[in-house]
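Predicted model only: the values in this text are computed from it and were never measured. What you see below is based on every heavy atom in this structure, not just the backbone, and it leaves out hydrogens, waters and symmetry mates.
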Amino acid sequence: MHIVKPIIYDKFECVGKECIFTCCGGWEIPVEEEICTKCKEYEGNVEYDSKLNIYKMKMDNRTVCPFLNESQLCTLVLQGKELSTTCREFPRTYANTGVMEKNLMLDCPQVVALLENLKEPLVFIEEEDGKVDCNEEENEEVTLFHDIRIGIIAWLQKRELPLWYRIFFTAFCLNKIDRMSGRGEIENEMGKMLSKQYYETLLASISSIACDSRKQFEEIRSIIIQLNGFLLLPLMDDKSESRSKALRLMVKNQDCSFEEYQELYSRWEREQAVGFEILSENIAVYQWFQFSSQGKDFMRSNFLAILLEYLLIRHFSILSYAIWGEYDVVTLRFIIALASRAIRIRKDNNDYKEWLEEMEKGILSAANLYCLLK
């Protein structure tokens, strides 16, 4: 079987009690029925969810798993007991897109730490495991899907262009492709749009647009307020006080004046903008590789989720100066993991497409995206 994975994949190691945003709480943790009935330790600690038709861990009053001890270690692991697939595999994910794609979720801050160490563009490793996969196929649709994904990765890594424009232009391209069906039409349009003359002309034309900084600030704040419910869902009263940290960011988003934000932004731009741009590029490429594996029909909506994640991380990173007084790499890891969890929950919610369509009529319209991102 042909396998593709990011270069950081095999470097991941869980840090257990040292984790700044544990995965052992704040969300639903499915448990296989077979394990529930076989292991007596699970008795009284799992519940059946009739809506989802799954058994899941019954969280305690801190919204953490009952097996998480005060040192933030799993008692099931310490006792050598059987774990559910979710607990055993997280943050690893797998997707068969004609090849087996392996990835790690940025919901885990330790995965974020691995990306932080990359200063060069993110690369993906290809290998064979010697197994035969009867589901592997190579047809026109699979090939086109692959070509679009690779083309977008190459575009996002064009460092001679500012990242805001690379993100804007990707959303612009995918919006056009989303309305096309034939392979020839899509290939021709992709070739035209990714030509140097086309994207440089577009950049020159939109650069003359005057942006209202106050309006931009208010709109980004409005987007995050709309995401508040999804930011709250993965929180818990854990050892690292993740709920308290996130609430302080959310409150600051609502209380911060435009004048204060301008001062915070200037400091952030002086001290962190360059390093943040490199990390954000790798995050965008990383999330695109994972989210786009769902298929061509979800490419546009999934990339807009990445765009929202970028805006959320940048905004909270700037606000963090007002709360903690200085740049802190640990806080940034927490912000990125929180944003990844919240956007994933928002994206997987049943009304995501309808919500996105409404947003695209206003705040996330092509005409407005330029100012939001810049």
Under 4.0 Å between a Lys/Arg side-chain N and an Asp/Glu carboxylate O for [X] and [Y]?
X    : Y    : value
E43  : K40  : no
K5   : E127 : yes
D178 : R300 : yes
E271 : R267 : yes
E218 : K215 : no

V31 and I54, any side-chain heavy atoms less than 4.5 Å apart: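 Sidechains of V31 and I54: no contact.
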Donor-acceptor pair, side chain of T75 and main chain of F67, under 3.5 angstrom: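 Yes, T75 side chain to F67 backbone: donor-acceptor pair under 3.5 Å.
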Rounded distance (nearest 0.5 Å) linking atom [atom1] of [X] with atom [atom2] of [Y]:
X    : Y    : atom1 : atom2 : answer
L114 : L106 : CG    : CG    : 10.0 Å
Y286 : F291 : OH    : CZ    : 10.5 Å
I3   : K102 : CD1   : NZ    : 4.0 Å

Candidates W155, W164, Y370, F303 - the one meeting ring pair (Phe, Tyr, Trp, His ring centres under 6.0 Å) with F169: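 The option that passes is W155.
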Cys pair C19, C108: SG separation below 2.5 Å: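 Unbridged: C19 and C108.
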Heavy-atom neighbours of E33 CD exceed 12 at 6.0 Å: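 Open: at most 12 neighbouring heavy atoms sit under 6.0 Å from CD of E33.
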Among L312, I313, L307, the one residue meeting side-chain contact (heavy atoms from CB on, under 4.5 Å) with E309: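 It is I313, the one option of L312, I313, L307 that forms the side-chain contact (heavy atoms from CB on, under 4.5 Å) with E309.
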R149 to W288 six-membered ring, cation-pi geometry met (6.0 Å, 45°):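 No, cation not above the ring by the 6.0 Å, 45° rule.
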Donor-acceptor side-chain pairing of T85 and E89 below 3.5 angstrom: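 Side chains of T85 and E89: no pair found under 3.5 Å.
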